[in-house]
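Worksheet: the structure to be examined is printed underneath.
Every chain is numbered from 1, with letters handed out A, B, ... down the list of sequences.
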Amino acid sequence: MLKNAGGLHKFNGWDRPILTDSGGYQVYSLANTRKLTNEGVVFNSHIDGSKHSFTPERVIDIQRIIGADIMMAFDECTPYPCDYDYAKKSMHLTHAWLKRCVEHDKKSPFLYGYSQALFPIVQGSVYKDLRKQSAETIASVNAEGNAIGGLSVGEPHEMMYEMTELVCDVLPADKPRYLMGVGTPVNILESIALGIDMFDCVMPTRNARHGLLYTRQGVINIKNEKWATDFSALDEDGTSIVDKQYSKAYLRHLFKAQEILAGMIASLHNLAFYLWLVGEARKNILEGTFSEWKQSMVGCLDTRL
RNA sequence: GGGGAGAUACCAGAGCGGUCAAAUGGGGCAGACUGUAAAUCUGUUGGCUAAGCCUUCGGAGGUUCGAAUCCUCCUCUCCCCA
């Protein structure tokens, strides 16, 4: 399935795949309100306080029903910092849950006439031996693609890159390597250089809602006063429809007026920028110019405009 | 015409003799955000030759060691009655 992801393949009857997460990240982000056992996780709804539980089996069932083309295994995303003993214990828990996910996945039939891939997730915090061991375990599952979790949770970038590189050396190169939760435009380019093929992140949309725009010249905080009377296009080089349609001053006004449209326009812009960025990366890889191109991009992307 | 209430920083609004450059909201300015409990959170918001000093609480006087706080007059707002 994924080998055809370039074009001809139809996914869930549409032309774009659906990817669902397992809830593993909620185990991390809802740390205050959940109870974790070997069986799974119990947590209270923030909406009405009702109890809910995630187990590896249940998480597969849910993703089946959603019909995701790529389902994620249930894991525990450890926080940073995380002491070695806990990281080790947690990694083994994630591996045990993975086994249950895989078994349950095999047992349960596809519901909508197309197959669903199940990606396992490497853990191991920032410890090299754990990361290596986890990557080997994950690779041995022989899934259609492999994910790296537990990074971009507050550790220094250098550490994140070091772990990514180490894990990429173990995970098969002929299957997608998916770095979960990353990241900034620079993070993405650096990670591609280390062998990553897939990403997902809240950054382009959440930061857009908060007024941060990514461009190839650098980062704009559109809420800043300096844009108040700048009536130039949102992004002269932008590829999305909003980029030339709206001015910086207008978007700033929408933010100041707390118009919901502000977050929508900014999100469209950032998403288009991310798409352009990885598209360029792909092009440069194919042309053998990725390294130089990345070098030239990284210099600008972090600039504050 | 008679009676009453009040004027505080950009706005609203506490404070009612010293611990007040003045609570708290809002607004302004800036920052954070990385498998989305996130249209969220944080800092800052009189001026300077800044651990100190200077000018602020409608205006002008006064009382006091000391006033945004007490007294007198003035100006202006709002409410009730006629």
In whole Å, what separates the [atom1] atom of [N] from that of [M]?
N	M	atom1	value
B:C76	B:U8	C1'	16 Å
B:A21	B:C54	P	12 Å
B:C33	B:G25	C1'	25 Å
B:G46	B:C29	P	16 Å
B:G58	B:A68	C1'	12 Å
B:C11	B:G1	C1'	36 Å
B:U56	B:C48	C1'	14 Å
B:C53	B:A22	P	14 Å

Given [N], is OP1 or OP2 found less than 4.0 Å from the side-chain N or O atoms of [X]?
X	N	value
A:Gln26	B:A37	yes
A:Arg209	B:A38	no
A:Thr184	B:U34	no

Exercise. Kindly state each residue pair satisfying salt bridge (charged side-chain N to carboxylate O under 4.0 Å, His left out) with at least one member in residues 287-300 of chain A, sequence neighbours excluded.
Key: A:Glu190-A:Lys294
Quiz item: What's the closest nucleotide to the A:Cys201 side chain, out of B:C33, B:A37, B:G35?
Solution: B:G35
Quiz item: Given B:A32, B:U34, B:G35, which nucleotide is nearest the side-chain atoms of A:Asp200?
Solution: B:G35
Practice problem: Might you work through the side-chain contact (heavy atoms from CB on, under 4.5 Å) test for A:Thr239 and A:Leu275, ending with a clear yes or no? | Solution: CA-CA 9 Å; A:Thr239 57; A:Leu275 245 25; over 6 Å; no
Going by purine N1 to pyrimidine N3 plus the second Watson-Crick contact, or the G-U wobble pair, all under 3.5 Å, which nucleotide sits opposite [N]?
N	result
B:C70	B:G62
B:A12	B:U24
B:C29	B:G43
B:A82	none
B:U75	B:A7
B:U55	none

For residues [X] and [Y], is any side-chain donor paired with an opposing acceptor at under 3.5 Å?
X	Y	answer
A:Gln116	A:Asp69	no
A:His52	A:Ser50	yes
A:Ser90	A:Glu76	yes
A:Asp237	A:Gln217	yes
A:Asp61	A:His104	yes

Practice problem: Using a 4.0 Å cut-off on protein heavy atoms (strictly under), produce a 5'-to-3' string for nucleotides 26-31 of chain B with B for base contact, S for backbone-only sugar-phosphate contact, and - for none. | Solution: -SSSSS
Exercise. Rounded off to whole Å, could you give me the CZ-to-P distance for the A:Phe199 and B:U36 pair?
Key: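 For the pair A:Phe199 CZ and B:U36 P, the rounded distance is 16 Å.
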Quiz item: Does one hydrophobic cluster hold both A:Tyr28 and A:Leu98, with members joined at side-chain heavy-atom distances below 4.5 Å?
Solution: yes
